[in-house]
Amino acid sequence: MQDFSPNRSSHQSGVVAHRGSLAADAARMRRMLTESPMQRGSARARRVLDALDAHSESACETRTRLLLSRMRLPLPSLQVAIGAPHGRYRTDFAWEELGLVLEFDGRGKYFEHRPTDEALFAERCRERALVEQGWSILRIEWQDLADPQGLERRIRAAMDRALTKRA
């Protein structure tokens with residue numbers, strides 16, 4: 001019998017923890033919730049399952065997405081592929097109608113997958129290609145998530161600039 005009762009984990013922690021194995025596991029977990037005679041905590045578990053999104057590819061993207069969903073802003077699309085002359089580039093978040101990209105810059109992007117100089121050069125080439133296609137880019141880091149009001153102000157300012165640029 002599964003106990004879905006609340007513990008120290010918050011809604012956000014549950015969503016972040018379960019982001020990796022989504023589609024099949026979420027369906028299986030929903031079945032377990034439906035079939036389980038244990039009801040304690042099942043409403044919270046359903047809210048966590050409802051908040052899962054396979055397009056969030058990392059804990060930082062998941063936390064950002066959850067934070068954005070609580071702001072009074074239009075929600076961006078996730079993992080948008082943007083064409084450029086030398087290839088397609090995928091963005092973490094994009095407001096396509098504004099031509100605005102939101103990128104989360106975690107340390108892993110620059111230090112864990114390849115030599116840092118290569119990662120930095122590739123990221124600069126990618127950014128230049130997107131900017132030359134008319135996109136504006138706002139970069140955020142972990143510390144930005146600790147100040148939701150400040151982050152919302154930055155996003156709103158970037159949206160205003162993007163609107164002005166598109167006009």
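Note that the coordinates shown come from a computational prediction; the quantities given were computed from them, not determined experimentally.
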- Worked verdict on Glu152 versus Arg156 for salt bridge (charged side-chain N to carboxylate O under 4.0 Å, His left out): CA-CA 6 Å; Glu152 185 172 350; Arg156 284 188 185 286; 3.0 Å; yes

- Message: Leu163 vs Arg166, test: side-chain contact (heavy atoms from CB on, under 4.5 Å). Steps then yes/no.
- Response: CA-CA 5 Å; Leu163 273 173; Arg166 291 258 163 163; 5.6 Å; no

- Task: Applying salt bridge (charged side-chain N to carboxylate O under 4.0 Å, His left out), run through Glu103 and Arg126 and close with a yes or a no.
- Result: CA-CA 12 Å; Glu103 282 293 307; Arg126 176 181 172 275; 3.1 Å; yes

- I would like to know whether Asp105 and Ile140 meet side-chain contact (heavy atoms from CB on, under 4.5 Å); could you show each step before the answer? CA-CA 6 Å; Asp105 282 337; Ile140 64 171; over 6 Å; no

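You'll find the side chain of Arg90 stays beyond 4.5 Å of the side chain of Ile82, heavy atoms only. For the pair Arg65 and Pro76, the minimum side-chain heavy-atom distance is 4.5 Å or more. Pro148 places none of its side-chain heavy atoms less than 4.5 Å from the side chain of Arg70. Between Asp147 and Gln149, some side-chain heavy-atom pair lies under the 4.5 Å cut-off.
We find that Arg128 and Glu123 are not joined by a salt bridge, their nearest charged nitrogen and carboxylate oxygen being 4.0 Å or further apart. Salt bridge status for Arg139 with Glu127: present, with a side-chain N to carboxylate O gap under 4.0 Å.
Taking CG from Leu98 and CZ from Arg161, the interatomic distance works out to 12.0 Å, rounded to the nearest 0.5 Å. Taking CG of Leu151 as the reference point, atom CZ of Arg154 lies at 6.5 Å (rounded to 0.5 Å). Of the inter-residue distances, the one linking Asp92 atom CG with Phe104 atom CZ reads 9.0 Å to the nearest 0.5 angstrom. How far CH2 of Trp135 is from CH2 of Trp95: 11.0 Å, rounded to the nearest 0.5 Å. Atom CE of Met159 is separated from atom OG of Ser136 by 11.5 Å, given to the nearest 0.5 angstrom.
Residues Glu96 and Ser77 come closest through the heavy atom pair OE2-OG, 3.4 Å. When all heavy atoms are compared, the tightest approach of Pro85 to Gln133 is CD-NE2, 3.1 Å. What you find for Lys165 and Gly134 is that their closest heavy atoms are NZ-O, 3.3 Å.
Transitive grouping of hydrophobic side chains (ILVMFWY, heavy atoms separated by less than 4.5 Å) brings Val80 and Val131 into a common cluster. Put simply, Phe93 and Ile137 are part of two different groups of oily side chains (I, L, V, M, F, W, Y) that touch within less than 4.5 Å, one to the next. In the hydrophobic cluster analysis, where Ile, Leu, Val, Met, Phe, Trp and Tyr join through side-chain heavy atoms closer than 4.5 angstrom, Leu78 is grouped apart from Tyr89. One hydrophobic cluster, built from ILVMFWY side chains closer than 4.5 Å, holds both Leu138 and Leu68. Trp142 and Ile155 fall within a single hydrophobic cluster, where Ile, Leu, Val, Met, Phe, Trp and Tyr side chains are chained together by heavy-atom contacts under 4.5 Å.
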